[in-house]
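Each remark here refers to the structure printed beneath this line.
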Amino acid sequence: MEIKSHLLPALRLTLVCLVFFCGFYTLIVWSVAQLAPNQGKGLVITQNERTYYVNVGQAFTADEYFWSRPSAVDYDAAGAGGSNLGPSNPAHLAEVEQRIRYFLEHNPGLDRSQVPSDLVTASGSGLDPHISVEGARVQVKRIARLRKVPEETLRQLVDQYTEAPLLGLFGTARVHVLKINLALQNL
Amino acid sequence: MNTEILGIVLMYVLVLALAVPLGRYIGKVFNHESTWLDALFNPLDRLFFQLGGIDPHRPMTWKQHLVALLTINMIWFIFSLFVLTNMSWLPLNPDGNPSMSADLAFNTSVSFVTNTNLQHYSGETGLSYLGQLTLMLWQFISAGTGMAISAVVFHALRERTTGELGNFYGFFVRSCTRILFPIALIGAVILVFNGTPMTFEGKDTITTLEGVTQHISRGPAAAFISIKQLGTNGGGYYGPNSTHPLENPNYLTNLLETVFIFLIPLALVFAMGRVVRRPRLAWMVYGVMTVGFLLLVVPSIYFEMKGNPALADLGIAQPLGSMEGKEVRFGPAASAYWAINTTCTSNGSVNAMHDSLTPLTGLFALLGMMINCFYGGVGVGFLNFFVFIILAVFISGLLVGRTPEFLGKKVEAREIKIAMLVALLHPFLILAGTALASYLYTTNPTEYADWLNNPGFHGFSEILYEFSSASANNGSGFEGLGDNTPFWNLVSGLVMLLARYLPIIGPVAIAGLLARKKYIPEGAGTLKTDTATFGIMVLAVISIVAALAFFPALTLGPLAEYFTMTK
C-alpha cells in the first residue's frame, strides 16, 4: 500500500522539522533577543522608580491627564481586542454619541466639530498607546486649567512629544499618551 | 503628498523590488541550480534527508506527490490535536492556560495545518507557549507544503513529455530551509529590536500611571509573528493579531509585516517564469494579479480615509478617517492596504478590525477572498490562478475555433472538468455554508443570539465573511462572530479541509495529465498565452465567475449596508 511506504519517512521528517523549527529557530531568535533592549521582555520606561511598558497603552481617564483612546477591553493587556462593532450598528453609534457628550462636558467651550474621531472610537487592540496630534491639542485647554499651567507651555509640550512619520515621510504623526503624561508629571 | 499614501507606495515598491530577485532565487532552488547559500544549506538539507530516511532524488508521479502530501499532513493534524488537548499539563505553560475542548482543537488543528489560521481562541488565554510553538511549526511546514506542490506544478508545465515530476520531500525541505527559514529569521530579529517580546517568562504585572493594575501577556512572540506573516498563515500570537502593539509595535514593523504578506506569493510568480523558462508568461500572470489587486485596494483606501459617514452625521471631525478598530500609529490608509493584502493572499492577519471597516472596504476584503488568486496563498495562489488559465484557454479556444492548448499541450475534456469542479467548489462551500448558518439563525434567533455581534445586513456579512475566510484558507474574520461553538468549529473546520486539499489535488492532476501528453511545438495557429490579450481574457473569466457566484450574497450584506448608510 502506497500510504504505508510514506508513513515512516513522513513521521521522521516531522520530528526533524519539530526539532529544527520549534527548537533551533526559536533558540536563535531567543538568543538574539538577549542582546535587544530589555532582553526581549518588552520595551519599558522607568520614572519615579515605577516601570511602564512603552508599547502597551494605559487607560487615562482623569481630567488632568491627556486621555487615551476608548478601549473595548478597558486596556486589559492579558485579553486585548476591539469592539468588532460594524459602522452602521445603532449600539455603536449610540456609544460614540455618549462619548462625544462626555468629552464636551469635560472640555467646555469646545464644539462638536473639533472632536477628532480617534478620541471617541475604540482601537483595534484596545491597547493603542497613541492619540492623534489633533486629539492631544484639543485637550490642552482642559489640562492647562486644571494644572494651572499656561496653555502655551502645553502646546509646546504637544509639539515636543509629537512623533513624526517614519523618516518624516511615511505614515501618521501621533502623540504617545504615556510619554506626554509622564512629562506632565515633571512640569 | 500625503505621508499615509506615500507609506503605501513605499510598501508596494519595496515588495516588488524584493520579490523579483527572490523569485529568481526560488526558481534556482526549485531547479536544483547552485546558489551562494549552498555552502550553508547543502549540509543542513542532507541532515534532514538522512534523519528523515528520505531519498530526495527519487522521482514521483503526480499521484505519488499527492499521497506524500496528504500522508504527512495527516500526521501533523494528529500531532496537533494531541498537543492542543493536553496543554494544561505539558511544559511551557507559565500562565497556566487550559487545554482546548475537542471541537476547538479540531478546528484549530485543521486551521493551522491547512495554512488557514482561522482562530476561534485568543492566544493570551487559549494557548500555552508550547501550544504557540507547535502552531508555529505548522506555519513553517504548511507554507512549505504549498511551495513544494507549486514546484511540482511548475515542473509539470515545463517538461515536454514526462510522468516524473521531482521528489515531494525534496521540494518541501528545500522550501522550508532555504526560503522560509532565513527570511523568517531576519524578520524575527527586526521585530525583537523594535519591542516585540521574545521571552519564556509569563505575564508581567505593573501599576499604571493612574494607579490601576495591568497584566501584560508576553511570550516567544517575535519568532511566531515573523513566519505567520511570511507564510501567508496569518494566525496572531495575540488575540487581536497585528493590531496589538506588542505584535506590531510601530510603522517600521508594520512596513515589514505588510511586505512579508505579499513577498513569497509575488516571488513565486517570477519563480514560475524561471522554472517554466517563460518569463513573459510570469509577467502576464503578474499583470493580471496586479490589476485585480489595484481594483480592490484603491477604493478601499479611499473609503477608510474618508471616514465613516454615520460618524460624520454625528458632527465630529475625522481628520485621519474611520478609526473604530484601528490604531493611530498605522492610520486608516495602511490599515485598508493591509486588509486587501491579507485577503487577496489568504494570509488573514489583520492590523485593524475588519468587522469595523466601512461597508465597501468590507466588500473588497470579501472579494479578495472570494477570488483568492490575486497573488494568493504561498504556492496555492498560483494553483488557483492556474485553474483560471485553463478555463480561459478553453473559452478562448472555443471563441476562435481551435483546439485549446497550453504551453504546447492539448487541454481536453478531462482537464476542463477538473478545472471547472475546482472553480465551483469555492463558491459552493461559501454559499452553502452561509445559507445553512443563516437558515439556522433566522429559524431560531433566540438560541443562536450569541452568534452575531451586529444586527441587520452587517450580521449577515459576519456569517458570509466567516465562510469566505474558511474556504479561501484565509483566517481573518469579522471577529464579532461568536464562533467558538461546536457548530462553527466543526462546520468551518470541514470547509477548511475541503477547500485546502481539493484545490491542491485538482490543479496537480491537471498539470500531471498535461505533462504526460505529447508536446506539440508552437506554430502560427497557437493561441499565445503570454500576451496582454490573453491576460484580459483570464481577468474576464475570473470576474465573471466571481460576479455570477457572489453578487447576490454581497448584495444582501455589504452593499445593502452601504446603501442604507448613504440614503
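Naming convention: chains lettered A, B, ... in sequence-line order (proteins, then strands); numbering from 1 in each chain. Please read all numbers here as calculations on a predicted model, not as lab measurements.
- Listed options Met353(B), His354(B), Lys326(B) were ranked by heavy-atom pairs under 4.5 angstrom with chain A; first place goes to Lys326(B).
- Residues Ile72(B) and His6(A) fail the side-chain proximity criterion, which asks for heavy atoms closer than 4.5 Å.
- When all heavy atoms are compared, the tightest approach of Ile54(B) to Pro9(A) is CG1-CB, 3.8 Å.
- Contact count versus chain A (heavy atoms, under 4.5 Å) is highest, among Ile75(B), Ile141(B), Leu180(B), Leu133(B), for Ile75(B).
- Contacts between Tyr65(A) and chain B at a heavy-atom distance below 4.5 Å involve the side chain alone, from C-beta outward.
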So Trp76(B) and Thr14(A), side-chain contact (heavy atoms from CB on, under 4.5 Å) or not? Walk me through it.
CA-CA 7 Å; Trp76(B) 299 346; Thr14(A) 303; 3.0 Å; yes
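- Side-chain N or O atoms of Thr3(B) include one that pairs as donor or acceptor with a backbone N or O of Gly171(A) at under 3.5 Å.
- Considering every non-hydrogen atom in both Asn55(A) and Asn194(B), the closest pair reads ND2-O, 3.9 Å.
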Determine, stepwise, if the pair Leu255(B) / Phe170(A) fulfils side-chain contact (heavy atoms from CB on, under 4.5 Å).
CA-CA 10 Å; Leu255(B) 184 71; Phe170(A) 309 112; over 6 Å; no
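- Interface remark: of the candidates Gly7(B), Pro245(B), Pro197(B), Pro245(B) forms the most heavy-atom pairs closer than 4.5 Å to chain A.
- Separating the CD1 atom in Ile216(B) from the NZ atom in Lys41(A) is a distance of 14.0 Å, to the nearest 0.5 Å.
- The closest donor-acceptor contact from the side chain of Ser356(B) to the backbone of Leu85(A) lies under 3.5 Å.
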Stepwise side-chain contact (heavy atoms from CB on, under 4.5 Å) check, Gln47(A) with Leu209(B):
CA-CA 10 Å; Gln47(A) 180 167 312; Leu209(B) 190 54; 6.0 Å; no
Side-chain donor-acceptor distances from residues 309-317 of chain B under 3.5 Å, at least two apart:
none

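- Contacts between residues 156-165 of chain A and chain B, defined by a heavy-atom separation under 4.5 Å, are made by Pro165(A).
- Of the atoms belonging to Leu130(B), not a single heavy atom falls under 4.5 Å from chain A.
- In this structure, the side chains of Val29(A) and Val189(B) stay at 4.5 Å or more apart for every pair of heavy atoms.
- If you measure heavy-atom distances from Thr51(A) to chain B, the contacts under 4.5 Å come from the backbone alone.
- When the options Phe20(A), Tyr25(A), Phe24(A) are evaluated for a ring pair (Phe, Tyr, Trp, His ring centres under 6.0 Å) with Phe140(B), the one that passes is Tyr25(A).
- In this structure, chain A has no heavy atom under 4.5 Å from any part of Gln139(B).
- At a 4.5 Å heavy-atom cutoff, His176(A) makes no contact with chain B through either its backbone or its side chain.
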When you look at Gln318(B) and Asp118(A), which way does the side-chain contact (heavy atoms from CB on, under 4.5 Å) test go after all the steps?
CA-CA 8 Å; Gln318(B) 301 190 66; Asp118(A) 58 298; over 6 Å; no
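- One N or O on the side chain of Glu210(B) and one on the backbone of Thr61(A) form a donor-acceptor pair closer than 3.5 Å.
- Counting heavy-atom pairs under 4.5 Å between each of Gly81(A), Gly42(A), Ser123(A), Ala173(A) and chain B puts Ser123(A) at the top.
- Side chain to side chain, Thr172(A) and Glu4(B) fail the donor-acceptor criterion of an N or O pair below 3.5 Å.
- Glu134(A) places none of its side-chain heavy atoms less than 4.5 Å from the side chain of Leu320(B).
- Residue His92(A) holds its NE2 atom at 11.0 Å from CG of Asp355(B), rounded to the nearest 0.5 Å.
- With hydrogens and angles ignored, the 3.5 Å screen pairs a side-chain donor or acceptor of Gln214(B) with a backbone N or O of Gly57(A).
- Of the N and O atoms on the side chains of Glu327(B) and Ser125(A), at least one donor lies less than 3.5 Å from an acceptor on the other residue.
- A side-chain donor-acceptor contact under 3.5 Å links Asn454(B) to the backbone of Asn84(A).
- Proximity to chain A (any heavy atom under 4.5 Å) is restricted, for Phe79(B), to the side chain, taken from C-beta onward.
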Intermediate values then yes/no, side-chain hydrogen bond (donor to acceptor under 3.5 Å, both in side chains), Glu324(B) and Ser83(A):
CA-CA 8 Å; Glu324(B) 181 70 29; Ser83(A) 74; 2.5 Å; yes
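- How far CZ of Arg50(A) is from OG1 of Thr207(B): 5.5 Å, rounded to the nearest 0.5 Å.
- Side-chain contact between Pro359(B) and Ser88(A): absent, with no pair of heavy atoms (C-beta onward) separated by less than 4.5 Å.
- When Tyr238(B), Phe200(B), Tyr169(B) are compared by the number of non-hydrogen pairs under 4.5 Å with chain A, Tyr169(B) comes out ahead.
- Between chain B and the residues Gly82(A), Gly126(A), Ala36(A), Pro37(A), the largest count of heavy-atom pairs under 4.5 Å involves Ala36(A).
- Of the two parts of Val350(B), neither the backbone nor the side chain holds a non-hydrogen atom closer than 4.5 Å to a non-hydrogen atom of chain A.
- With respect to chain B, the highest number of heavy-atom pairs below 4.5 Å among Ala10(A), Gly124(A), Pro129(A) belongs to Gly124(A).
- The minimum heavy-atom distance between Phe172(B) and Cys17(A), with the atom names listed, is CE2-SG, 4.1 Å.
- Within the 4.5 angstrom heavy-atom criterion, no atom of Ser122(B) approaches chain A.
- The residue among Met11(B), Lys203(B), Glu462(B), His244(B) with the most heavy atom pairs within less than 4.5 Å of chain A is His244(B).
- Using a 4.5 Å cut-off between heavy atoms, Leu93(A) contacts chain B through both its backbone and its side chain.
- A distance-only check finds a donor-acceptor pair linking the side chain of Asp128(A) to the backbone of Val328(B) [under 3.5 Å].
- With a 4.5 Å cut-off on non-hydrogen atoms, Ala68(B) touches chain A through its backbone and its side chain both.
- Annotation for Glu64(A): atom CD counts as buried by contact number, over 12 foreign heavy atoms lying within 6.0 Å.
- Contact of Gln132(B) with chain A is not made at all, since no heavy-atom distance falls under 4.5 Å.
- A distance of 9.5 Å separates CG of Leu51(B) from CG of Leu13(A), quoted to the nearest 0.5 Å.
- Contact count versus chain A (heavy atoms, under 4.5 Å) is highest, among Gly459(B), Pro455(B), Ala352(B), for Pro455(B).
- Of all non-hydrogen atoms in Leu35(A) and Phe193(B), the two that sit nearest each other are O-CE2, 4.0 Å.
- Contact annotation: the side chain of Arg69(A) approaches that of Met323(B) to within less than 4.5 Å [non-hydrogen atoms, C-beta and beyond].
- For a residue to count as touching a neighbouring chain, one of its non-hydrogen atoms must lie under 4.5 Å from one of that chain's; by this rule Ala333(B) does not touch chain A.
- The candidate with the highest count of non-hydrogen atom pairs below 4.5 Å against chain B, out of Pro87(A), Ala62(A), Ser117(A), Ala72(A), is Pro87(A).
- Using modelled atom types and a 3.5 Å distance limit, the side chains of Tyr53(A) and Arg218(B) yield a donor-acceptor pair.
- Contacts between Ile131(A) and chain B at a heavy-atom distance below 4.5 Å involve the backbone alone (N, CA, C, O).
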